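Notes to accompany the following structure.
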Number of protein chains: 2
Amino acid sequence: MTSPAVSSRALPHPERGEIRLEGILHALSDPMRLQIVRELAAVGDELSCSHFDLPVTKSTTTHHFRVLRESGVIRQVYQGTAKMNGLRRDDLDDLFPGLLDALLGAAARQAIRLGSG
Amino acid sequence: MTSPAVSSRALPHPERGEIRLEGILHALSDPMRLQIVRELAAVGDELSCSHFDLPVTKSTTTHHFRVLRESGVIRQVYQGTAKMNGLRRDDLDDLFPGLLDALLGAAARQAIRLGSG
DNA sequence: TTCGTAGTTTGACATTCGACGTACTACGAT
DNA sequence: ATCGTAGTACGTCGAATGTCAAACTACGAA
């Protein structure tokens, strides 16, 4: 009944020092990826890919999560068949203090403005 | 000796309410455009396109400035043959308080980190 | 061991992007 | 009226992007 063990299947992440602002902005300039990040931030915990009910196929979902991981926005780790996703808050806050919160705040504001909770 | 008059040549800008966060992030995810915006912010005034010495042709320069204008990041106005560019600070600060400064701060930090004033 | 669930990989496709060159327009200065 | 400067428009090109379908892998449960 315990959670499945963390697997060691390879999942390349950029190191903290390799993360680029341009890459983060590009990753978040896609509405679907921005939504994923907002949800991760709201929950404040790791979520599996399948937790998200995205209006695209599985392969497209895989693609979006990979863009987020390779840009340094999220960290991914296998846990059984599930792949858990978590924001790299520590690294992002260290590299760019205040940026993530400003982005999340802006996204929240826009969501309200455009009339969708 | 006075400045040339502001011309009325058409230059479509999105209204404040039409500006989208995703568009801003996409616009700023290009290194050249991010650099332009940093420079505009540093000067705090309007600058002509030709003030920037970009390593691309004139037509590519036109392209980048148009992306910035159409995403709502800058405002452009003709003044004689020159086209003056200014940040839309008022609109951006109203729509997304703190976002622009966070982005500029992040860009400055990264520039220092990567060792280029 | 067999099955189902979660996610990957590959290849295709249409679109967009960043860059270019050439020909063009708009305006100020001479 | 002519010239030079600033920037545009258009067409092109190669690379990247977002999407899909189909075949596949990895793991837990029965």
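Throughout, protein chains are lettered first and strands after them, A, B, ... in sequence-line order, and every chain is numbered starting at 1. Nothing here was measured: the structure is a model prediction, and the numbers come from that model.
- Between B:Ser48 and D:dA6 there is no side-chain polar atom (N or O) within less than 4.0 angstrom of OP1 or OP2.
- Atom CG in B:Asn85 sits roughly 14 Å away from atom P in D:dA6 (whole-Å rounding).
- The 12-atom threshold is exceeded at CD of B:Glu18, counting heavy atoms of other residues, nucleotides or ligands nearer than 6.0 Å.
- Side-chain atoms of B:Leu21 and A:Leu28, non-hydrogen and from C-beta on, never get closer than 4.5 Å to each other.
- Rounded to a whole Å, the OH atom of B:Tyr78 is 6 Å from the C1' atom of D:dG7.
- Here C:dG18 presents its P atom at 12 Å from CD of B:Glu70, a figure rounded to the nearest Å.
- Not one N or O on the side chain of A:Arg69 forms a donor-acceptor pair closer than 3.5 Å with the backbone of A:His13.
- Using a 4.0 Å heavy-atom distance criterion, B:Thr62 is classed as a base contact.
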Next item on the list: Can you check each nucleotide of nucleotides 15-28 of chain D against protein heavy atoms at under 4.0 Å and return B for base, S for sugar-phosphate only, - for none, in 5' to 3' order?
Entry: --SSBBBB---BBS
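- When rounded to the nearest whole Å, the span between CG of B:Leu54 and P of C:dC20 equals 11 Å.
- Taking hydrophobic clusters as Ile, Leu, Val, Met, Phe, Trp and Tyr residues chained together by side-chain heavy-atom distances below 4.5 Å, A:Leu11 does not share a cluster with A:Leu87.
- Atoms CD (A:Glu46) and P (C:dA6) sit 18 Å apart, rounded to a whole Å.
- Partner A:Asp94 forms a side-chain hydrogen bond (donor to acceptor under 3.5 Å, both in side chains) with one of A:Arg16, A:Arg88, A:Arg89 and no other, that one being A:Arg16.
- To the nearest angstrom, P of C:dG7 lies 15 Å from CG of A:Leu68.
- Dashed line: the shortest gap from a side-chain N or O of A:Arg66 to OP1 or OP2 of C:dG7 is not under 4.0 Å.
- The side-chain heavy atoms of B:Leu92 and B:Ile24, taken from C-beta on, include a pair separated by under 4.5 Å.
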